[in-house]
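This chain uses plain numbering: 1 for the first residue, then up along the sequence. Remember, it's 1-based here, ligands and their atoms both numbered in the order they're listed.
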Amino acid sequence: MIRTHTCGELRAGDVGSEVVVCGWVDSVRDHGGVLFVDVRDHTGVTQTVAHPDEQPEGFAAAEAVRGEWVVAVRGRVRMRPEGTQNPDLPTGAVEVPIDAVEVLSVAEPLPIPLDERTETDEILRLRHRPLDLRKERLQRNLRTRARVSAAVRAALEAEGFVEVETPTLIRSTPEGARDYLVPSRQTPGSVYALPQSPQLFKQLLMVGGIDRYYQIARCWRDEDLRADRQPEFTQLDLEASFAEPEDVYAWIEAAMRAAFEAAGRSGELPETIPRLTWHDAMDLYGSDKPDLRAGPPIVDLAGVFAGTAFKAFAATLDAGGTVRGWRFRGGGDLTRNRLDGLIERAQHLGAKGLVWMVVEADASLRAPVAKFLSDAELAGIGAALDAEPGDLLLLAADTAQTASAVLGQLRLDLDRPAGHAPVEAGGAGVSPLWVVDFPLFEDDGAGGLTPLHHPFTSPHRDDVHLLDTDPAAVRSHAYDFVINGVEMGSGSVRIHDAAVQARMFEILGMEEAEVRSRFGFLLDAFRHGVPPHAGFAVGWDRLLMILCDERSIREVIAFPKTQTGADPLTGAPAAVGDDVLADVGLQMTPEARAVAAAEAGTEAGDSGA
Ligand code: ASP
């Protein structure tokens, strides 16, 4: 039997046609001696039916089939009897009387339920991922993912971008995280690394005159996993020659619009996507990835308290700190317990303290510290924070950085839609922004500097002169795209001037020899004519998570790994024999052997899953 229609396809207009539908047996129901077999594929469900007298052969076959068997059913489409039609189902007007059934394969009882209502342990779901994938939710997510990829490819190609594949066995040139290493059999003792991103290759493509490159690229980073990370992940990666940040913003925005449209969510991205400098983002939201949905920005109140008699604030201001405040609309009814909890939380986050004020019905401020403040100060706070009766005002006196960081976190704790953590960013509207002009460096915690983005990021053109005198103050041409408090992607204008690049490595404390050995191939290529270039990479799994309204990137990846980087389906990573190791010049240490033995023991004992 050859499939003529998918299971979601038949309509009243097909009545009278002889059809063959193929799929999984979704259910077998016995209604007063008549058997109803729902056959399911990714498009939907077709009801097939056998009456013992009218379809005796079909009936016998239908009696034998069980849930999740794969069958082909032949019959002539007819209307369902009046009153039994199901308007909620696209195929609900018709049914197929079973003239013949071919069993294509049988199925043992499933180890996981396929109905969406039953919560199933995630490890068990991943262990049985091929079955899990039959669920409508994952079908929908993977199909959305494919549609979004196709749409974004088309959008970028319309702008002259060319998809180029870059190698995945590369020289180890760590970009911040640890590399995954692949030992080489042909040169025992040497390793390849899996790329953390195609960064160096895409820059080399610019030297090669590709002009505009993109790729939906797999990347690997060996780091401790967080909820929104996988050891292997996908980026929409791009790079363009003779491009300014404005060009990159426009291309990424176009790609995002195409992505949202393909996911059936066009119109959700605002007409204009706001931009904030990194400094403003840190001041106003205490974060380099602000969630704009969570209440108003933080306000600096140093002006309100200039010359204050309130000792705690005066001391902070004198010491070069500041006072900042944030308004929680309608938060005035928080209990004393909650308010005490907020103070504790603020201290835990590093603040010296936290001052709260409740705006009363007559707009006066009720607060433990109110008696220490002048009327002008109280009025100033209310005006600066745009306070209304019923609001809660929170003030922190500290370094500017700490005050904003703490208030920024409380802002998320108190006012983020549905209280979602950043990773759970779906479901409450889409609020994107660009954060631009990141600092070039950050403190490496050991008295030195480390690139905030990567060492190929260009200093801001207005700050190049500071490279020699005050490198920590240099801004870069690096920019992030943020949605709902989640970093969706980042990129930068690259250094294309050999002298600036050399200075960069010098500031990073890298010896000439180290630079040569790690990046010599890039610098050599740059000596033979390199166009100015800029690029970007979008975290594809995270974007899809938001587009599919999911809470975990694992719901948008066909075969994801667990938080510990394991694949419960295939058992990766797994030990290999000593002979295999010897081939690539490796030997197991006794410690590794003990771990491998313990793992093998757990697996042997783990018969159920
Ligand atoms: N390669 C960078 C990253 O993976 C993105 C870029 O600068 O294009 O974060």
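The contact set between ligand 1 and S197, taken as ligand atoms under 4.0 Å from a residue heavy atom, comprises 1 (N), 4 (O). Those atoms of ligand 1 that come under 4.0 Å of a heavy atom in Q235, given as number and element, are 3 (C), 4 (O). For ligand 1, the atoms sitting less than 4.0 Å from at least one non-hydrogen atom of G491 are 6 (C), 7 (O), numbered in the order shown with element in parentheses. Which parts of ligand 1 touch R494 is read off a 4.0 Å heavy-atom cut-off, strictly below it: atoms 6 (C), 7 (O), 8 (O). Distances below 4.0 Å separate heavy atoms of F536 from the following atoms of ligand 1: 8 (O). Contact atoms of ligand 1 toward Q199: 1 (N), 2 (C), 5 (C), 6 (C), 7 (O), 8 (O) (distance under 4.0 Å to a heavy atom of the residue). Close approach to A537 involves these atoms of ligand 1, each under 4.0 Å from a residue heavy atom: 5 (C), 8 (O).
Counting only non-hydrogen atoms, the option in E239, Q196, K202 that gets closest to atom 8 (O) of ligand 1 is K202.
Checked by atom type, the side-chain pair Q235/S197 shows no donor-acceptor distance below 3.5 Å.
Atoms CD and CG, from E514 and L508 in turn, are 9.5 Å apart once rounded to the nearest 0.5 Å.
A distance below 6.0 Å separates the ring centres of Y479 and Y249. Side-chain rings of W540 and F233 stay apart, their centers remaining 6.0 Å or farther from each other.
Here D288 pairs with nothing under the salt bridge (charged side-chain N to carboxylate O under 4.0 Å, His left out) rule; sequence neighbours left out. Under the rule for a salt bridge (charged side-chain N to carboxylate O under 4.0 Å, His left out), E487 has no partner lying at least two apart in sequence or in another chain.
Using a 4.0 Å cut-off between charged side-chain N and carboxylate O, R125 and E122 make no salt bridge.
The closest approach between any non-hydrogen atom of R221 and ligand 1 is below 4.0 Å.
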